[in-house]
Amino acid sequence: MKKNLVIILLTFITLSCKGQSNSNIEKNVGGPCQDCEAVLDFNLLNPEPKATDTLPGFENNEPKIKITGTVFLKDGKTPAENILLYIYQTDRNGIYQPSKKPIGWEKTHGQYREWLKTGKDGKFSFYTFRPAAYPKVQEPEHIHIYVKEPNTIPYYIDSCFFESDPKLTLEKKQSQKNRGGSGIVKLQKKDGIWTAHRNLILGLNIPDYE
């Protein structure tokens, strides 16, 4: 009888441990992305991201812009809470310019970056300035956005492109994979600032997403 109780107890402990360890495993989604590690820099710089924030350089650069949106679950209807968004962009010369004392991935992504985290309504917004295109390259102006869900590794979605950008050719539009939904936005002047809206749908066109 004692032997049976010991076996049952050991089995229960083993299953419990497995359950605990599996709950901490993050799903590997989105495909290859070496820069996705940069998302975790928020632990060094911004331990408590907000749903609304301002990127460095906003005050000193023109034109100023505001991007708003809502993050939805895969059904495209239910707002997604506690979703971390990592945003970075070039300066007005098209360069990912770091500060004098860069920390972490700032050496590569430059100083114009920020982290946001959605609340229960799934909404987010950020203030920044319109980035310039890369020098001597036909790549359109864009703002990178990465996503970190509670139970997945970070992954990237389509960058924000501006409909009014002459470098955003039809070929470039058609080459987009609409990861998270279309990233092409239309800027409109509202309350004195150029404003655009872009919603995100978690898992949409993201490889290996269940």
Side-chain angles (χ1 to χ4, degrees), residues 23-61 64-69 71 80-119 122-137 139-162 177 179-180 183 185 196 198 200 202-203 206-209:
S23 65
N24 294 324
I25 295 176
E26 295 182 329
K27 292 186 293 185
N28 191 349
V29 301
C33 178
Q34 64 180 44
D35 282 13
C36 282
E37 296 176 14
V39 178
L40 304 181
D41 271 2
F42 85 94
N43 291 313
L44 302 173
L45 301 168
N46 192 356
E48 297 182 5
K50 300 174 291 184
T52 299
D53 215 330
T54 303
L55 272 67
F58 172 74
E59 295 294 341
N60 301 321
N61 287 281
K64 292 175 172 44
I65 62 175
K66 176 184 179 183
I67 307 292
T68 68
V71 180
E81 184 180 6
N82 293 326
I83 304 301
L84 186 70
L85 303 178
Y86 169 57
I87 303 152
Y88 75 96
Q89 65 176 70
T90 64
D91 62 14
R92 288 298 299 159
N93 295 311
I95 304 297
Y96 296 109
Q97 183 65 51
S99 63
K100 293 181 179 179
K101 295 181 179 180
I103 297 176
W105 276 81
E106 184 188 334
K107 298 174 184 177
T108 303
H109 288 179
Q111 62 185 295
Y112 304 111
R113 59 185 191 146
E114 192 54 86
W115 292 261
L116 306 174
K117 195 171 188 179
T118 62
K123 295 184 182 300
F124 68 91
S125 60
F126 61 93
Y127 295 83
T128 185
F129 56 92
R130 186 162 175 168
Y134 300 149
K136 301 179 181 179
V137 178
E139 180 73 11
E141 303 163 345
H142 58 279
I143 300 175
H144 294 281
I145 303 181
Y146 291 65
V147 175
K148 172 70 177 73
E149 300 180 45
N151 298 314
T152 70
I153 65 168
Y155 59 90
Y156 71 93
I157 60 174
D158 276 14
S159 298
C160 268
F161 294 99
F162 304 101
K177 297 182 179 180
R179 291 172 61 111
V185 300
R198 184 207 175 162
L200 309 178
L202 297 177
I206 301 299
D208 304 315
Y209 198 100

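Note that the structure is predicted; figures quoted are calculated from it, not measured.
- Interatomic distance, CG of Leu85 versus CZ of Phe42, reported as 11.5 Å (0.5 Å rounding).
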Asp35 vs Tyr156, side chain to side chain contact (heavy atoms under 4.5 Å, CB included): CA-CA, chis, key distance, verdict: CA-CA 9 Å; Asp35 282 13; Tyr156 71 93; over 6 Å; no

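- Listed for the Thr90 side chain is a donor-acceptor partner under 3.5 Å among the backbone atoms of Ala132.
- Considering every non-hydrogen atom in both Pro49 and Leu84, the closest pair reads CG-CD1, 3.6 Å.
- When side chains are defined from C-beta on, Glu149 does not count as touching Val29, because their heavy atoms never get closer than 4.5 Å.
- For the pair Thr68 and Ser125, the tightest heavy-atom approach, listed with the atom from each and the gap, is CG2-CB, 3.8 Å.
- The minimum heavy-atom distance linking Pro135 with Gly94 is given by the pair CD-O, 3.5 Å.
- Side chain of Trp115 to main chain of Val39: a donor-acceptor pair is present (N/O by atom type, distance under 3.5 Å, no hydrogens or angles).
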Residues Cys36, Tyr146; criterion side chain to side chain contact (heavy atoms under 4.5 Å, CB included); working and verdict: CA-CA 7 Å; Cys36 282; Tyr146 291 65; 3.6 Å; yes

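- Expressed to the nearest 0.5 Å, how far NE2 of His109 lies from OH of Tyr86 amounts to 5.0 Å.
- The two residues Phe124 and Arg198 have their closest heavy-atom pair at CZ-O, 3.4 Å.
- Using bins of under 30°, 30° to 60° and over 60° for the plane-to-plane angle, the ring pair His144/His142 lands in the perpendicular bin.
- Between Ala51 and Lys123, the shortest heavy-atom distance links the atoms CB-O, 3.6 Å.
- A donor and an acceptor atom, one from each side chain of Tyr112 and Gln97, are nowhere located under 3.5 Å apart.
- Proximity of Ile87 to Ile143: side-chain heavy atoms (C-beta onward) are separated by under 4.5 Å at one or more points.
- Atom NZ of Lys117 sits in a sparse spot, with 12 or fewer heavy atoms from other residues, nucleotides or ligands closer than 6.0 Å.
- At least one side-chain heavy atom of Tyr96 sits under 4.5 Å from a side-chain heavy atom of Tyr88.
- A donor-acceptor contact shorter than 3.5 Å links the side chain of Lys64 to the backbone of Asn61.
- A cation-pi geometry, defined here as NZ or CZ lying under 6.0 Å from the six-membered ring centre and within 45° of its normal, holds between Arg130 and Phe162.
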Side chain to side chain contact (heavy atoms under 4.5 Å, CB included), that's the test. Do Asp208 and Asn28 meet it? Break it down for me. CA-CA 7 Å; Asp208 304 315; Asn28 191 349; 6.0 Å; no

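- Checked by atom type and distance alone, the side chain of Asn93 never pairs as donor or acceptor with a backbone atom of Ile95 at under 3.5 Å.
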Under the side chain to side chain contact (heavy atoms under 4.5 Å, CB included) criterion, do Phe58 and Asp53 qualify, and how do the steps go? CA-CA 11 Å; Phe58 172 74; Asp53 215 330; over 6 Å; no

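- Annotation: side chain of Pro98 is in contact with side chain of Glu106 (closest heavy-atom distance under 4.5 Å).
- Taking a 6.0 Å sphere around NZ of Lys50, one finds it holds 12 or fewer heavy atoms contributed by other residues, nucleotides or ligands.
- Taking CD from Glu114 and OH from Tyr127, the interatomic distance works out to 14.0 Å, rounded to the nearest 0.5 Å.
- In this structure, the separation between OG1 on Thr152 and OH on Tyr209 is 6.5 Å, given to the nearest 0.5 Å.
- Note that the CG atom of Asp158 and the CG atom of Leu200 stand 10.0 Å from one another [nearest 0.5 Å].
- Distance alone, capped at 3.5 Å, is enough to place a donor-acceptor pair between the Thr118 side chain and the Ala80 backbone.
- Other residues, nucleotides and ligands contribute at most 12 non-hydrogen atoms within 6.0 Å of the NZ atom of Lys177.
- At distances below 3.5 Å, not a single donor-acceptor pair connects side-chain atoms of Arg92 with backbone N or O atoms of Phe129.
- Distance check: Lys66 NZ to Thr54 OG1 gives 10.0 Å after rounding to the nearest 0.5 Å.
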